Amino acid sequence: MIAITLPDGTVKDFAQPLSVAEVAAAIGPGLARAALAGIVNGQAVDLTYRLTESAQVSLITAASESGLKIIRHSTSHLLAQAVKELFPSAQVTIGPAVDNGFYYDFAFERPFTPEDLQAIEKRMQELAQQALPVRRELMDRDAAIDFFRAQGEHFKAEIISEIPAGEAISLYRQGDFIDLCRGPHVPDTGYLKAFKLLSVAGAYWRGDARNQQLQRVYGTAWPDKKALDSYLTQMEEAEKRDHRRLGKELDLFSLHEEAGGGLVFWHPMGARVRQVIENYWKKMHQEAGYEMLYTPHIANLELWRTSGHLDFYRESMFGAMLVDEQPYQLRPMNCPFHILIYNSHLHSHRDFPMRWAELGTVYRYEMSGVLHGLFRVRGFTQDDAHVFCREDQIESEILAILDLTLATLKRFGFQEFEVNLSTRPGKSVGSDAIWEKATVALRHAIMARDLKFIEDVGGGAFYGPKIDVKITDTIGRKWQCSTIQLDFNLPERFDIYYIGEDGGRKRPIMIHRALLGSLERFFGILIEHYAGYFPVWLAPVQAVVVTITDEQNDWATEVRDRLRQRGLRVEADLRSQKVGYKIREHTLKKVPWLLIVGDQEKREGTVNPRDCAGKTYGAESVEAFADRLLEEATKH
RNA sequence: GCCCAUAUAGCUCAGUCGGCAGAGCACUUCCUUGGUAAGGAAGAGGUCAACGGUUCGAAUCCGUUUAUGGGCUCCA
């Protein structure tokens, strides 16, 4: 008797051994059709897996994350099968399921072209229609190595040779194609109904740039055509909010080949948003007890030798330039400069905490291939600050920084936070006691604010522990902007100190922190978060006064000026175009409010507001509208 | 940096086999004075990314450079 326990606790008894598929059939015909694989005593297995004794069994369908993963993984095998049929000399390597799809890396003598991808996808569809059974086979490890070697599949042979000798290796066969795989897989290729190859890219064998370069074919796969289509539409939606596209459409910023990669030019409309961000940031910092600093963008290389950047940060720095025969370095960070200010006079224990902030522009050498819009650039402005304090102030300072961080991020429309706490790595500077104290302070602060956090044990920098805060945007993507890091290294290197109560020299604690990270990158995130529809307080143009005929030009100008006097960013569109034309244009520019003025409004001294979605509210006085807009700009 | 792709008017993009450089939008001027997402006409606008090569002839073919895009972590 075999007793099968199902996830809901019910037990079914069977007289003789049976397959997982038969268990599914015994539960119901719907499940039998939907089942892709099973889980037996916690182990994922194929539907053909034979149960010879009592077990806990559950079934995997496409509705679950693991079911999707199986479909994607099986589709990657289908891809490999099609490639081997069309290009027999290609060697297969690995092909896992990834978020939203799968990839497979091949070694092939020439690059795959887009036409090749089309041909491969077509062949995949044919193979899927044939509903080829996917069968699992076991082979002895050494036999498997010989088997793949004989087929010229050296990468596979290499993978297997790392599996301990004597272990049985599982292979999956569909048609003439055999691949080394742990499984499980769908029962036959007919289960693969909705997939699409997306791109081909270079990737290194085992992700190591010193190894052979392979060709990675990316694809996406879903349980049915509907899900595939909805994914593809979602991709298009994400593309519509791409900050590079919106940056152009809304005339916010540009990058120039003439200037070089990764260098950002802020246009007037982008600069307006940046100014709002900066003004808000400065106000928040002044209220939180920070002083503002301004420091140079370049300094004698010797300073970077002292700070240690020349050793541990060299590959991210631009090459030095000669000035009066002395090497000078463009700054990749602001911290050494703040330390020079610290060291410009003697400090007492009574001076602390000292909180120094700077919107500091830095330059970092990023490899040409990683540059990406505003997200990865070579010159950017950090919203940097350094807090110098005594050991007994660490905990309260960290908490204050965390609160400032959360308040700031919330103001920009981010509500969900995830925190990473990175602790002491193997190789590090500083005493055990101070690492312990700092790490506890960070942990206490996170817990005091009741934040979800993940502890990355040993993941800290060599100079101190840190917490990173991640935000989630409107479409669910996570971004890490904020970081709070203790630094036990720089104070040592620059020999910074203060005079303690006892008259002796003491080393202060230094905390680096950035809330938005880089203004460029944060701006890019904001553009995508709001899909270009900035809330009123950030919008570069908050309202446009639109005339119906040029009879209202004087009134429109007066309205604009009165609103500007209230501190609002307002333009007047006096062009002799039809209202519909002007409305369309400003709507496409995503201006939050349009104020239509015709003869009636002029006569009555009113404006007729229309929001970005096309809703109208009826005429109201200029002052009433200004009050409403100002209120909208202050709340969030 | 490496692999693949791309680069044509301000923007989005056509351009066949190597044979006179194109469209729509935007821009300028004129007409139009109109009530909530595109009124009409005319005009101007180009070193086809840069440099080199092949050719009688290159936007088109080849090479180099630059920039842009997709990747280069997700354990058979």
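All figures in this text were calculated on a predicted structure; none of them were measured in a lab. Values below: all heavy atoms of this structure, side chains included; hydrogens, waters and symmetry mates excluded. Order of the sequence lines fixes the chain letters, A, B, ..., with proteins taken first and strands second; residue numbering starts at 1 for each chain.
One C1' atom belongs to U64(B), the other to C74(B), and the distance between them is 37 Å to the nearest Å. Comparing U60(B) with A7(B), their P atoms sit 11 Å apart, to the nearest whole Å. Using atom P as the reference point in both A59(B) and A41(B), the two lie 33 Å apart (nearest Å). Across the C1' atoms, A21(B) and A9(B) are found 10 Å apart, a figure rounded to whole Å. Rounded to whole Å, the separation between the C1' atoms of A58(B) and A50(B) comes to 16 Å. Nucleotides G24(B) and A14(B) place their C1' atoms 11 Å apart, quoted to the nearest Å. When the P atom is used for both C13(B) and C17(B), the distance is 22 Å, rounded to whole Å.
A parallel orientation is assigned to the rings of H372(A) and F375(A), their planes being inclined by less than 30° (bins at 30° and 60°). Under the 30°/60° scheme for interplanar angles, the aromatic rings of H256(A) and F265(A) are found to stand perpendicular.
Straight-line distance from the CG atom of D611(A) to the C1' atom of A37(B): 13 Å, rounded to whole Å. For the pair E258(A) CD and U47(B) P, the interatomic distance rounds to 13 Å; values are reported in whole Å. Distance I160(A) CD1 to C75(B) P: 18 Å, rounded to the nearest Å. Rounded to an integer number of Å, the gap from CH2 of W205(A) to P of C74(B) is 11 Å. Atom-to-atom, CD of Q215(A) to P of C4(B) comes out at 8 Å; the value is rounded to the nearest Å. Computed from coordinates, the D251(A) CG to U12(B) P distance equals 13 Å when rounded to whole Å.
Between V545(A) and Q552(A) the shortest side-chain heavy-atom distance does not fall below 4.5 Å. Using a 4.5 Å cut-off on side-chain heavy atoms (C-beta onward), F462(A) and F312(A) make contact.
Each of R272(A), K582(A), K589(A), R560(A) was evaluated against E571(A); a single residue qualifies, R272(A), per the salt bridge (Lys or Arg N to Asp or Glu O under 4.0 Å) test. Considering R244(A), K240(A), R477(A), R521(A) in turn, R477(A) is the only one that fulfils the salt bridge (Lys or Arg N to Asp or Glu O under 4.0 Å) rule with E528(A).
For T616(A) against U36(B), a side-chain-to-base donor-acceptor contact under 3.5 Å is absent. Judged by distance alone, with hydrogens and angles left aside, E601(A) brings a side-chain donor or acceptor within reach of the base of G35(B), the pair sitting under 3.5 Å.
Base pairing of G63(B): its partner is C51(B), meeting the Watson-Crick or G-U wobble criterion (both donor-acceptor distances under 3.5 Å). Pairing for U16(B) is absent, with no Watson-Crick or G-U wobble pair whose two atom distances lie under 3.5 Å. The pairing partner recorded for G69(B) is C4(B), the criterion being a Watson-Crick or G-U wobble arrangement whose two distances lie under 3.5 angstrom. With a cut-off of 3.5 Å on both Watson-Crick or G-U wobble distances, the partner of A58(B) is given as none. Across all strands shown, nothing is found opposite G35(B) as a Watson-Crick or G-U wobble partner with both distances under 3.5 Å. In this structure, A26(B) makes no Watson-Crick or G-U wobble pair, since no nucleotide meets both defining distances under 3.5 angstrom. Nucleotide A44(B) has no partner under the Watson-Crick or G-U criteria, as no pair reaches both atom distances under 3.5 Å.
Here C27(B) is the nucleotide among C27(B), G1(B), U36(B) with the atom lying nearest to any side-chain atom of Y581(A). Across G1(B), G34(B), A37(B), the shortest atom-to-atom separation from the side chain of V370(A) is found for G1(B). For E257(A), taking side-chain heavy atoms from C-beta onward, the closest of the listed nucleotides A67(B), G35(B), G34(B) is A67(B). With distances taken from any side-chain atom of S576(A) to the nucleotides G34(B), G35(B), G1(B), the minimum falls on G34(B). Between G35(B), C27(B), A37(B), one nucleotide has an atom nearer to the side chain of R575(A) than all others, and that is C27(B). Between A37(B), G35(B), C75(B), one nucleotide has an atom nearer to the side chain of R584(A) than all others, and that is A37(B).
Counting any heavy atom pair closer than 4.0 Å across all strands shown, I169(A) reaches a base atom. D99(A) comes within 4.0 angstrom of no nucleic acid atom, judged by non-hydrogen atoms across all strands. Within 4.0 Å (heavy atoms only), Y365(A) reaches sugar-phosphate atoms of the nucleic acid but no base atom. Across all strands shown, N608(A) has heavy atoms under 4.0 Å from base atoms, whether or not it also approaches the sugar-phosphate. Across all strands, V546(A) comes closer than 4.0 Å to no nucleic acid atom at all (heavy-atom distances). Base contact: I548(A) has a heavy atom under 4.0 Å from a base atom. Across all strands, Q600(A) comes closer than 4.0 Å to base atoms (heavy-atom distances). V98(A) comes within 4.0 angstrom of a nucleotide base, judged by non-hydrogen atoms across all strands. Among the atoms of the strands shown, only primed sugar atoms or phosphate atoms (P, OP1, OP2) are found under 4.0 Å from some heavy atom of R216(A). Within the 4.0 angstrom heavy-atom criterion, base atoms lie near Q577(A).
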(request) Apply side chain to side chain contact (heavy atoms under 4.5 Å, CB included) to V92(A) and E153(A), showing your working. (result) CA-CA 7 Å; V92(A) 294; E153(A) 298 286 6; 3.5 Å; yes
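For K248(A), a side-chain nitrogen or oxygen approaches OP1 or OP2 of U12(B) to under 4.0 Å. Residue R610(A) has a polar side-chain atom (N or O) positioned under 4.0 Å from OP1 or OP2 of A37(B).
Near RNA chain B, meaning a heavy atom under 4.0 Å from it, residues 83-94 of chain A has T93(A), I94(A) in order of number.
Heavy-atom distances to RNA chain B give each of H77(A) and T587(A) a nearest nucleotide, and the one nearer the 5′ end belongs to T587(A). Toward the 5' end of RNA chain B, the nearer of the two residues L588(A) and E585(A), judged by each one's closest nucleotide, is E585(A).
Salt bridge status for E551(A) with K602(A): absent, with no side-chain N to carboxylate O gap under 4.0 Å.
Using modelled atom types, one side-chain atom of K156(A) and one backbone atom of T93(A) make a donor-acceptor pair closer than 3.5 Å. No donor-acceptor distance shorter than 3.5 angstrom exists from the side chain of R72(A) to the backbone of F102(A), with no hydrogens or angles considered. Under the 3.5 Å distance criterion, the side-chain polar atoms of D46(A) are left unmatched by any main-chain donor or acceptor of P184(A). S161(A) contributes a side-chain N or O that, together with a main-chain N or O of E158(A), makes up a donor-acceptor pair within less than 3.5 Å.
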Please write out each protein N/O paired with an N/O of nucleotides 68-70 of chain B under 3.5 Å, distance rounded to 0.1 Å.
residue, atom, partner, partner atom, Å
G69(B), OP1, R244(A), NH1, 3.1
G69(B), OP1, G373(A), N, 3.4
G69(B), O3', R244(A), NH1, 3.2
G70(B), OP1, R244(A), NH1, 3.4
G70(B), OP1, R244(A), NH2, 3.1
G70(B), OP2, H372(A), ND1, 3.1

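For H586(A) against D573(A), the heavy-atom pair with the smallest separation is CE1-OD2, 2.7 Å.
For the pair K590(A) and Y533(A), the cation-pi test (distance below 6.0 Å, angle within 45°) is passed.
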